[in-house]
Amino acid sequence: MRDGGGVMGGEQAAVSRVVVRLPTVLRPFAGDVDRVEVEVVGDGGATVAGVFAALELQHPALRRRLTDEQGAVRRHVNIYLGNDNIRDLSGLQTPLSAGDELLILPSVAGG
């Protein structure tokens with residue numbers, strides 16, 4: 001039986017909108033945009049992993065450039081939440097709030 005909330009028992013999963021800012025090198029894999037807004041639905045709140053899953057639905061080629069075959073963030077990819085690299089937080093399980101922005105910066109080698 002559904003109540004006015006639309007979910008059994010009146011509980012609703014939380015929806016968080018998170019912005020992912022992309023560097024120039026990754027924009028071709030996301031329709032040539034500099035930022036992608038994703039909605040993450042989850043009972044436990046949004047995480048970076050949830051954002052990546054939602055991002056994969058919108059732009060599958062982009063996700064392959066961010067994570068390896070096991071789903072871990074590629075070594076040469078840095079993801080920042082504010083001033084903090086998610087590697088220094090809880091990695092892919094880093095919790096996010098609605099309105100947060102993730103900045104993706106691939107490492108650049110030079111000589």
Side-chain angles (χ1 to χ4, degrees):
M1 174 180 235
R2 295 173 69 130
D3 64 11
V7 176
M8 194 119 181
E11 295 180 25
Q12 292 185 357
V15 177
S16 297
R17 288 182 184 210
V18 176
V19 172
V20 180
R21 294 177 39 210
L22 302 171
T24 305
V25 70
L26 292 176
R27 292 175 190 168
F29 305 104
D32 290 319
V33 297
D34 64 346
R35 54 194 288 136
V36 177
E37 187 173 306
V38 296
E39 286 189 357
V40 182
V41 179
D43 295 329
T47 63
V48 175
V51 168
F52 277 18
L55 196 58
E56 182 174 25
L57 294 174
Q58 293 179 26
H59 306 287
L62 180 59
R63 172 75 186 260
R64 290 190 295 273
R65 271 118 188 123
L66 303 177
T67 58
D68 62 20
E69 295 75 23
Q70 288 77 38
V73 176
R74 293 188 181 276
R75 287 184 326 185
H76 67 277
V77 174
N78 295 298
I79 302 161
Y80 290 89
L81 173 61
N83 292 325
D84 298 311
N85 191 321
I86 65 161
R87 293 182 205 285
D88 299 328
L89 301 171
S90 297
L92 290 172
Q93 298 312 311
T94 299
L96 302 171
S97 299
D100 278 347
E101 282 193 10
L102 294 174
L103 172 62
I104 299 174
L105 291 175
S107 298
V108 178

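- Listed by first and then second residue, the side chain to side chain donor-acceptor pair (under 3.5 Å) pairs involving residues 83-98 are Asn78-Asn85 (not counting sequence neighbours).
- Sequence neighbours left out, the pairs with a member in residues 45-59 that pass salt bridge (Lys or Arg N to Asp or Glu O under 4.0 Å) are Glu56-Arg63.
- Note: the hydrophobic cluster containing Leu26 also contains Val33 (ILVMFWY, side chain heavy atoms under 4.5 Å, direct or indirect links).
- Hydrophobic cluster of Leu105: the remaining members, joined at side-chain heavy-atom separations below 4.5 Å, are Tyr80, Leu103, listed by chain and number.
- For Glu37, the side chain to side chain donor-acceptor pair (under 3.5 Å) test picks out Arg17, with sequence neighbours left out.
- The hydrophobic cluster containing Val25 also contains Leu22, counting ILVMFWY residues as joined when their side-chain heavy atoms lie under 4.5 angstrom apart, directly or transitively.
- Shown here for Leu92 and Gly71, the closest heavy-atom pair between the two residues is CD1-O, 3.2 Å.
- Here the shortest heavy-atom pairing between Ala30 and Leu62 reads CB-CD2, 4.1 Å.
- Residues satisfying the side chain to side chain contact (heavy atoms under 4.5 Å, CB included) criterion with Val77, sequence neighbours excluded, are Leu66, Val73, Arg74, Ile79, Ile104.
- Remark: Ala72 engages Asp68 in a side chain to side chain contact (heavy atoms under 4.5 Å, CB included) (not counting sequence neighbours).
- For residues 19-34, the pairs satisfying salt bridge (Lys or Arg N to Asp or Glu O under 4.0 Å) are Arg21-Glu101, with sequence neighbours left out.
- Rounded to the nearest 0.5 angstrom, Leu89 CG and Leu96 CG are separated by 9.5 Å.
- His59 and Phe29 make their closest contact through CB-O, 3.5 Å (heavy atoms, listed as atom of the first residue, atom of the second, distance).
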